[in-house]
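Everything below concerns the one structure shown next.
Naming convention: chains lettered A, B, ... in sequence-line order (proteins, then strands); numbering from 1 in each chain. All heavy atoms count here, side chains included; hydrogens, waters and symmetry mates do not.
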Amino acid sequence: MLRATILVLIGGGIGAALRELLMLGVANLPGGFPMPIFVANMTATLLLGVFSALTTGGLIGSRGKLLLMTGILGGLSTFSSFVWGTHQLLTNPAEQVSAIVYVVLSMFGGFLLVELGLWLGGRFMRSHIEAAGPREEL
Amino acid sequence: MNDPVILALVFVGGAGGSVIRWLVGIGVDKRYKGTFPLDTFLINVSGCFLMGFLSTLFTVDWKDRYGSNLTAFVLTGVLGGYTTFGSYQLDKAHLYKKGEGLVSCWTGSVVAGLIAAYLGAMIARLFE
């Protein structure tokens, strides 16, 4: 339990710090589109799909899952800033179009990127198993 | 430049928020055995409520990317680490495969989050 907690602590810290770096380094688009949060969430969904497939395939164990998925990707992605950003854009009539584009792109983009990630991860697992050769026959 | 301080605060807050998310998830999964991803849903909606409440209470200018040490720690760190967009989308991919509850989970989380954030902001205004 202590080891698991430390893995989530370190991972979550790294993920959140990466998100802060995006917020410091990437500007919002004209119209208020929150680009840094969008990039953080889309990156996290793609990688979460990949790592999820690798976990299913047995390449990532329970500790790796806690560090990478629960920790780093959970810390990198954020739902509260996504929703609050949408709320803030919606309250300004000049930015309501951005709000709708932001929600739709985040939801559908995240949907497609998870599927893409699962597919890429599954592909990698299959090539990994093939490369492992006859051991799989046992 | 106080970037290293801000980064350290976000790191510590994000670490704490992530552990809370992990523990809440374990707690919810123990009590609820249905197919709906209730853990992520509850975490994200409660995070949205706190985000609306605290942002309004701290009178945060949402466009100000740099913010103060307090907002970096609490909002970007703890709440950002606590809530997760990734699991929200991954849960949905699993539901999509099973073909059940997709729409309620996918759009329901966003709608419930928006309502929660709105309520949080409204309650915070009572304290002004």
Side-chain angles (χ1 to χ4, degrees), chain A residues 4-5 8-21 23-24 26-28 32 34 36-37 40-49 52 66 69-90 103 106-107 109-111 113-115 117-118, chain B residues 3 6-19 21-23 25 40 43-52 55 62-63 65-67 72 75-90 92-94 96-97 106-107 109-110 112-114 116-118 120-121:
Chain A
T5 308
V8 177
L9 269 175
I10 293 173
I14 292 172
L18 287 173
R19 175 160 41 80
E20 176 64 19
L21 285 176
M23 287 171 73
L24 293 171
V26 179
N28 284 345
I37 300 295
N41 281 342
M42 293 305 107
T43 310
T45 47
L46 174 68
L47 291 177
L48 202 66
S52 178
L66 283 174
M69 294 171 71
T70 312
I72 295 179
L73 297 182
L76 174 64
S77 76
T78 170
F79 196 80
S80 52
S81 289
F82 160 61
V83 166
W84 185 243
T86 306
H87 177 273
Q88 293 297 90
L89 291 171
L90 279 174
V103 168
S106 295
M107 288 175 73
F111 179 86
L113 286 171
V114 164
E115 293 296 333
L118 286 169
Chain B
D3 284 359
I6 295 264
L7 263 186
L9 286 169
V10 171
F11 183 98
V12 174
S18 295
V19 168
R21 164 166 45 81
W22 177 55
L23 293 175
T40 308
I43 287 162
N44 281 342
V45 172
S46 59
C48 287
F49 174 84
L50 289 172
M51 188 68 145
S55 296
W62 186 67
K63 294 271 165 57
R65 287 192 282 145
Y66 302 97
L75 302 181
T76 310
V78 178
L79 282 183
Y82 174 61
T83 63
T84 172
F85 189 82
S87 293
Y88 153 69
Q89 293 284 7
L90 188 65
K92 195 178 44 26
H94 290 321
Y96 180 64
K97 246 186 200 159
W106 195 34
T107 55
S109 298
V110 175
L114 275 171
Y118 178 79

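- In this pair, His87(A) and Tyr118(B) present their aromatic rings tilted. The plane angle is within the 30 to 60° band.
- Between chain B and the residues Leu21(A), Leu18(A), Leu46(A), the largest count of heavy-atom pairs under 4.5 Å involves Leu21(A).
- Scanning both residues, Ser77(A) and Gly86(B), for their nearest heavy atoms gives OG-N, 3.1 Å.
- Contacts of Val8(A) with chain B are made by both backbone and side-chain atoms, with heavy-atom separations under 4.5 Å.
- We find the CG-CZ distance between Leu114(B) and Phe82(A) to be 7.5 Å, quoted to the nearest 0.5 Å.
- Side-chain contact check for Phe85(B) versus Met42(A): some heavy-atom pair is nearer than 4.5 Å.
- Side chains of Phe79(A) and Val110(B) form a contact here, defined as non-hydrogen atoms less than 4.5 Å apart.
- Here Ser109(B) is the residue among Gly77(B), Ser109(B), Gly120(B), Gly13(B) with the most heavy-atom pairs under 4.5 Å with chain A.
- Under the 4.5 Å side-chain criterion, counting only non-hydrogen atoms from C-beta, Val10(B) is not in contact with Met23(A).
- Shown here for Leu7(B) and Ala17(A), the closest heavy-atom pair between the two residues is CD2-O, 3.5 Å.
- Nearest heavy-atom pair across Thr5(A) and Trp22(B) is OG1-CZ3, 3.6 Å.
- Residues Thr45(A) and Tyr88(B) form no side-chain contact, since every pair of their non-hydrogen atoms from C-beta on lies 4.5 Å or further apart.
- Ranked by heavy-atom pairs shorter than 4.5 Å toward chain A, the options Gly113(B), Gly52(B), Gly47(B), Gly81(B) are led by Gly52(B).
- When heavy atoms are compared at a cutoff of 4.5 Å, Thr107(B) approaches chain A by way of both its backbone and its side chain.
- Note: Leu90(B) leads Leu23(B), Leu50(B), Leu90(B) in heavy-atom pairs under 4.5 Å with chain A.
- Under the side chain to side chain donor-acceptor pair (under 3.5 Å) criterion, Thr76(B) pairs with no residue at all, not counting sequence neighbours.
- Comparing Leu48(A), Leu118(A), Asn41(A) by heavy-atom pairs within less than 4.5 Å of chain B, the highest count is held by Asn41(A).
- Remark: the backbone N or O of Ser106(A) is paired with a side-chain donor or acceptor of Gln89(B) at under 3.5 angstrom.
- For the side chain to side chain donor-acceptor pair (under 3.5 Å) condition, the pairs that include at least one residue of residues 9-19 of chain B, sequence neighbours left out, are Ser18(B)-Arg21(B).
- Proximity to chain B (any heavy atom under 4.5 Å) is shown, for Leu47(A), by neither the backbone nor the side chain.
- The main-chain N or O of Thr83(B) is never found under 3.5 Å from a side-chain atom of Ser80(A) such that the two would form a donor-acceptor pair.
- Looking at Thr70(A), the atoms closer than 4.5 Å to chain B (heavy atoms on both sides) sit in the backbone and in the side chain alike.
- Heavy atoms of Ala4(A) lying under 4.5 Å from chain B belong to its backbone as well as its side chain.
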